[in-house]
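Each chain gets a letter, A, B and so on, in the order the sequences are listed, and its residues count up from 1.
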Amino acid sequence: MRILLVLLIATATAGCQREQRELRLDPPTAAALDKIALMPNGISGAPPNVYFALDKPYESNAYNLSQGKRLYSWFACKSCHGDGQGGVGPAFLDGWWYYGPETVSIFASIRDGRPHGMPAFRDKMTTEQIWQLAGYVQTIGAYRAKTAATSRNDEKQTRPAENRAPAAKQFDEGPTPVHPDQGPTP
Amino acid sequence: MRRPLKQLAALLPLALMLAGCEGWQSAWDVHGESAISLKQLIILIVSVCSVVWALVMIALIFALVRRRATAEPPVEVDAGTERRMTITVAIAVAVTVVIVAIFTVSSFFTTRALNVAGGDDLTIKVRGLQWWWGVEYFGATPEQRFETANEIHIPVGRNVRLQLEGLDVIHSFWVPSLAGKQDLIPGRPNELTLRAERPGVYRGQCAEFCGLQHAHMSFFVIAEDQAAFDQWINGQRQGATAPSDEETAAGRQAFLSKQCAACHTVRGTAADGKTGPDLTHVGSRTMIAAGLLPTTRGSLAAWIADPQTLKPGNNMPMVPMTPEELRAISAYLASLK
Amino acid sequence: MRNGNKVREQHDTDLERPALEAALAHTWRTPAGLWGALTTVDHKIIGRRYIFTAFVFLALGGVLAALMRLQLAQPEARVMGPDRYNQIFTMHGANMMFLFAVPVMEAVAVYLVPLMVGTRNIAFPRLNAFSYWIYLAGGALLWIAFAIDMGPDVGWFAYVPLSGPQYAAGKRADIWAQMITFTEVSALAVAVELVVTIFKQRAPGMSLDRIPLFVWAMLVTSFLIIMAMPAIMVASTSLILDRLVGTHFFNPAEGGDVLLWQHLFWFFGHPEVYIIFLPAVGMVSTMLPTFARRPVFGYLALVMALIATGILAFGLWVHHMFVTGLPRLGESFFTASSMAIAIPAGIQIFCWLATLWDGRPVYRTPLLFVIGFIFTFTIGGMTGVMVASVPFDTQVHDTYFVVAHFHYVLIGGAVFPLLGAVYYWFPKITGRMMSETAGRWAFWLIFIGFNLTFFPMHILGLQGMPRRIYTYQPDLPWHGLNLFVSLSAVILTAGFLVFFIDAIRSGRRGVPAGDNPWNAPTLEWATSSPPPPYNFARIPVVGGSNPLWEQPDTLAVASGLRTHRREVVVTTLTTARPEARESSPRNSIWPLLAAIATTIMLIWSIFSPWAVVWGSVPVAVALIGWFWPKRTPEDEA
């Protein structure tokens, strides 16, 4: 009986990380989240320690991923990347992450921009929003859907939703052709 | 000494109830044509129902206190009494049917009398978003079109047709002092007609659960006479006020260079974001953040500094800025009259 | 046959009373210990469990309500944030409606109906066991999810698009939708059992015009459940499909319709409240004659009113959608039908008043609750007529006026009769009386506390306070009344505490009750308190609708059922002439195993659509085990 009670209390306090809603990020935490350590060629790197202290909140938290999805349409990412199938900008669904698939690279791409047309959003979004968007973009190109991944939006459908692992289907079609200079520059 | 206290205590609920009879968001303190008809219907039905309830309670009390001997074993049923009671019950049921029919018919006629559109109507488009109200006014030419947020001005004595459009989830437009409510449902455009009979400020609130900040999604309908209304509209149609001193100039500079312009529009400047409320004349509005805080420089600063503490979960992020930037931006926005 | 032809076919005509009781007790027994508890198919044990579990959910829901009132007592209070509050009010509504109100009425019926109609067990006893386990699983799902911050936060009615895939992040809304599946399967199962029991297993001589009114109420309710529950199962399944696999039932951009959800939900939702209310009406109609010391007035009218309410209940649902912009003429039709349902309700109240008028009231706690019910439910009915009017509703829809209305009809109209019923049937179920003093205290505290808590909400609604808000601004005039309401809620809570404590204490140390402490007329009082596992030593035969008043000294019985195997009498539908012997299943573990398999499948399907495919395998295995012929005497018809 006592063991049951202990288990119950442990479960209740642990909560479910996927479902937590962190509505307000403390300003010091938000500032710390900005201090990523990028490799010199701009591909991959390490998020700040606070990212791990918060238990990687932008990769498997449903609320953050859905906020990222909202930001994807609010900041007109569709105008270049379409619904993830590319356009002027590269596709996320073909398996080719030019700067690596880690969230920190995607964060750097959004925050600082990339050569050949990706604008920097540092002055248009806050750090927290960029992390949310980066986490979401990662799920567009995921080959196996996370439980926390978002589902379809209430709009016209052009590809499977993120919780149906859209990249898994399109990966085999090969990389969408892009600008020849696209990719890592030494 | 105890008696006066007891009497006072008995009066307390009454006092509490009566305190709220007046108000700018009340179905009782009505100043709109619709709401006035609705109040009359409410009074009719409530009065008749109260009388019916009282009669039923009197019958119940009589049934209980009639002096009779206790009955062990249980009573036999008497045919004469059964017949008399059958007739009484039948009459009571017939009266109920008549009352219900009267209510149905008067409801139908009241509904029909409301929302009668006319030719001289002013049309305004209202959009419901999580958790604010977008308002769009039209004009004779496309240049006269403008948008504002969370505040609707209407001329007194004229029918105003509100075109209601839900953009994300279901909201409900309710300004009880003027009219009943109508929902804003995505995919189903809706309409509501208002007519204010008296100038004033009327508060409304979203009346359909729409998520985290449903509680803080209010708006204001300001009814003014035609001249004042025309003056307001002409002012709103202008672009944003140019900065008049150093601080507001610095504020505009900061506003445009920081994240603000990505979401908000200030007509006449480079800021043309469409996802947040239009701020061109935010200084002229009574309240900010959908009825959360009065529009003062201090409230603006508080809101910008930490929107997530004041309205947790809303879509405005906490933009990091220096104290000077915050002061300047709030001065600038307060100056946008 | 177990031992070849050696076991002599033994009938109850062969035995004298003590030997008969011993033989029946052996045949119908539930073994002691855990195995017995898990395999029992005795409707009384399952009914008791059901009632107890439902009251646990009532207490939990009450705690949620207290938290809500704590938050709303002050403007801009910070007791909790919007996310927690949204979860709490959703849980409060879903818990009360799906885990308390309907199941408790079903539970009382599961216990009482076989006793009232004079049979040995409910029809489909293993399904009965299954339905309890499924109900328990659904309740556990919801509450454990709430405990780990995964509780649904979209309102108990979960309107799309807010609960849809775009705006409800995570699995919270899926938990809600799947909990619906659990509770609806459970309710449907019990409804089917009740219909069959009431139609085919009544005591000989209990023709349709002699059935106790509670049984009539449960019959009508069961039909309501059978016809209404599918609507919400369609709705919740469509929602899960939209969220999990990307269908477009509610997506206007792809041809779906947001309003479809509301139609489906309320087509269920309105009959749902009558599913809750009609059993309470049946309880009142059964208790009132006992304490008025005369048969109920207007039996036929009351039955007709029950049936009329049931039928009309399906024609009202659009009154929840009066402000969605539907055509005005169509909405007015629903005003007419919503007001029309006041007429059968009025008939019932007038008949009860007539019964009291000609009767000789005996003031015991159950009668107090019935009187409280008449007072309170009538107010709720009046405000119901008010909100039925389209224009009136445009001002009060989605405000605290409606909150007041439905609490008046649900607490006044269903919980008061339920509490009275607990005081009334507690002696039969446990063999002990509850305390009359505590009962009076509980009644007055609850009655006064309830009215002080909920009446001011009518005024708050007219003053402009919407529903489902986690806080309000200080410049609005609602603070005083909200504080008053929150303080009054303490009185209401105290009343419920007195009730619960009394129930627990009386269960252990109450005064032993006899067979019929209230001198009531219906058949359940003809057997001991608590009843033996076989209910009646010999099946009673009735000649009127108040058998124990018509035959006070000895009750006629029918005999001829076998004693070494489980048998019940099957009678004809209208006149209840005996027509067959029917075997009643023995204790079985398969209902529990089937429930476990179903639970796994349904919870897994929240996370993956493949659960429907792979999860069906254990379910199929369990069902095969359930129905596999066992070569017991009961299997051989």
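Within the 4.5 angstrom heavy-atom criterion, no atom of B:Ala101 approaches chain C. Proximity to chain B involves both the backbone and the side chain of C:Pro82, based on heavy atoms less than 4.5 angstrom apart. Proximity to chain B (any heavy atom under 4.5 Å) is shown, for C:Gln166, by neither the backbone nor the side chain. Neither the backbone nor the side chain of C:Phe250 comes within contact range of chain B; no heavy atom of the residue lies under 4.5 Å from a heavy atom of that chain. Interface remark: B:Ile185 contributes side-chain atoms only to the contact with chain C (heavy atom separation under 4.5 Å). Proximity to chain B is limited to the side chain of C:Ile349, based on heavy atoms less than 4.5 angstrom apart. Using a 4.5 Å cut-off between heavy atoms, B:Val77 touches chain C through its side chain atoms alone. At a 4.5 Å heavy-atom cutoff, the contact between C:Asp257 and chain B is made by side-chain atoms alone. The part of B:Leu38 that comes within reach of chain C is its side chain, from C-beta onward, which places non-hydrogen atoms under 4.5 angstrom from that chain. There is no contact between B:Leu44 and chain C, counting heavy-atom distances below 4.5 Å. Looking at C:Phe157, the atoms closer than 4.5 Å to chain B (heavy atoms on both sides) all sit in the side chain, from C-beta outward. The contact between B:Gln130 and chain C is made entirely by side chain atoms (from C-beta outward), counting heavy-atom distances below 4.5 Å. Both the backbone and the side chain of B:Thr86 come within contact range of chain C, with heavy atoms under 4.5 Å apart. For a residue to count as touching a neighbouring chain, one of its non-hydrogen atoms must lie under 4.5 Å from one of that chain's; by this rule B:Val46 touches chain C with backbone and side chain alike. C:Leu476 touches chain B through its side chain: at least one heavy atom from C-beta onward sits under 4.5 Å away, while N, CA, C and O do not. Looking at C:Ala340, the atoms closer than 4.5 Å to chain B (heavy atoms on both sides) all sit in the backbone: N, CA, C or O. Contact annotation for C:Thr290: neither backbone nor side-chain heavy atoms come within less than 4.5 Å of a heavy atom of chain B. At a 4.5 Å heavy-atom cutoff, the contact between C:Gln262 and chain B is made by side-chain atoms alone. For chain B, the nearby part of C:Trp478 is the side chain; its heavy atoms alone come within less than 4.5 Å. With a 4.5 Å cut-off on non-hydrogen atoms, B:Met57 touches chain C through its side chain but not through its backbone. Neither the backbone nor the side chain of C:Asn546 comes within contact range of chain B, judged by heavy atoms closer than 4.5 Å.
With rounding to the nearest 0.5 Å, the separation of OG in B:Ser106 from CZ in C:Phe392 is 11.5 Å. Distance check: C:Arg328 CZ to B:Arg112 CZ gives 9.0 Å after rounding to the nearest 0.5 Å. Taking CG from C:Asp153 and CZ from B:Phe209, the interatomic distance works out to 6.5 Å, rounded to the nearest 0.5 Å. We find the OG1-CD1 distance between C:Thr324 and B:Ile170 to be 8.5 Å, quoted to the nearest 0.5 Å. Distance check: B:Cys49 SG to C:Met386 CE gives 4.0 Å after rounding to the nearest 0.5 Å. The CD1 atom of B:Ile99 sits 10.5 Å away from the CD1 atom of C:Ile343 when rounded to the nearest 0.5 Å.
Summarising the geometry of B:Ala63 relative to C:Pro361, their closest heavy-atom pair is O-CG, 4.3 Å, with the distance given to 0.1 Å. The nearest pair of heavy atoms linking C:Gly464 to B:Gln25 is O-NE2, 2.8 Å. Across all non-hydrogen atoms, the minimal contact from C:Phe297 to B:Val89 is CE2-CG2, 3.8 Å. Between C:Tyr167 and B:Asp168 the shortest heavy-atom distance is OH-CB, 2.9 Å.
Proximity of a side-chain donor or acceptor of B:Lys181 to a complementary backbone N or O of C:His397 within less than 3.5 Å is detected. No donor-acceptor pair under 3.5 Å is formed between the side chain of C:Gln395 and the backbone N or O of B:Ala27. Between the side chain of B:Arg66 and the backbone N or O of C:Trp357 there is at least one donor-acceptor pair closer than 3.5 Å. Side-chain atoms of C:Asp358 never come within 3.5 Å of backbone atoms of B:Thr81 as a donor-acceptor pair (strictly under, hydrogens ignored). Side-chain N or O atoms of C:Gln473 include one that pairs as donor or acceptor with a backbone N or O of B:Leu292 at under 3.5 Å. At distances below 3.5 Å, at least one donor-acceptor pair connects side-chain atoms of B:Trp53 with backbone N or O atoms of C:Phe375.
Taking 4.5 Å as the limit, every side-chain heavy atom of B:Phe108 sits out of range of all side-chain heavy atoms of C:Thr335. Between B:Trp174 and C:Asp398, the closest side-chain pair of non-hydrogen atoms is not below 4.5 Å.
Heavy atoms of other residues, nucleotides or ligands lying less than 6.0 angstrom from CZ of B:Phe62 number 12 at most. Heavy-atom contacts from other residues, nucleotides or ligands closer than 6.0 Å to CZ of B:Arg83 number 12 or fewer.
Residues B:His216 and C:Tyr470 place their aromatic rings such that the two centres sit under 6.0 Å apart.
Salt bridge status for B:Glu208 with C:Arg467: absent, with no side-chain N to carboxylate O gap under 4.0 Å.
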Practice item. Applying side chain to side chain contact (heavy atoms under 4.5 Å, CB included), run through B:Ser26 and C:Leu462 and close with a yes or a no. Key: CA-CA 6 Å; B:Ser26 169; C:Leu462 286 169; over 6 Å; no
Side chain to side chain contact (heavy atoms under 4.5 Å, CB included), that's the test. Do C:Val258 and B:Arg188 meet it? Break it down for me. CA-CA 8 Å; C:Val258 165; B:Arg188 294 183 71 102; 5.7 Å; no
Determine whether B:Thr96 and C:Phe350 satisfy the following criterion, side chain to side chain contact (heavy atoms under 4.5 Å, CB included), listing intermediate values before the conclusion. CA-CA 11 Å; B:Thr96 312; C:Phe350 300 140; 3.6 Å; yes
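Looking only at heavy-atom pairs under 4.5 Å with chain C, the residue among B:Leu64, B:Val52, B:Thr104 that has the most is B:Leu64.
The side-chain contact (heavy atoms from CB on, under 4.5 Å) with B:Thr111 is formed by just one residue from the set C:Val390, C:Leu329, C:Thr394; it is C:Val390.
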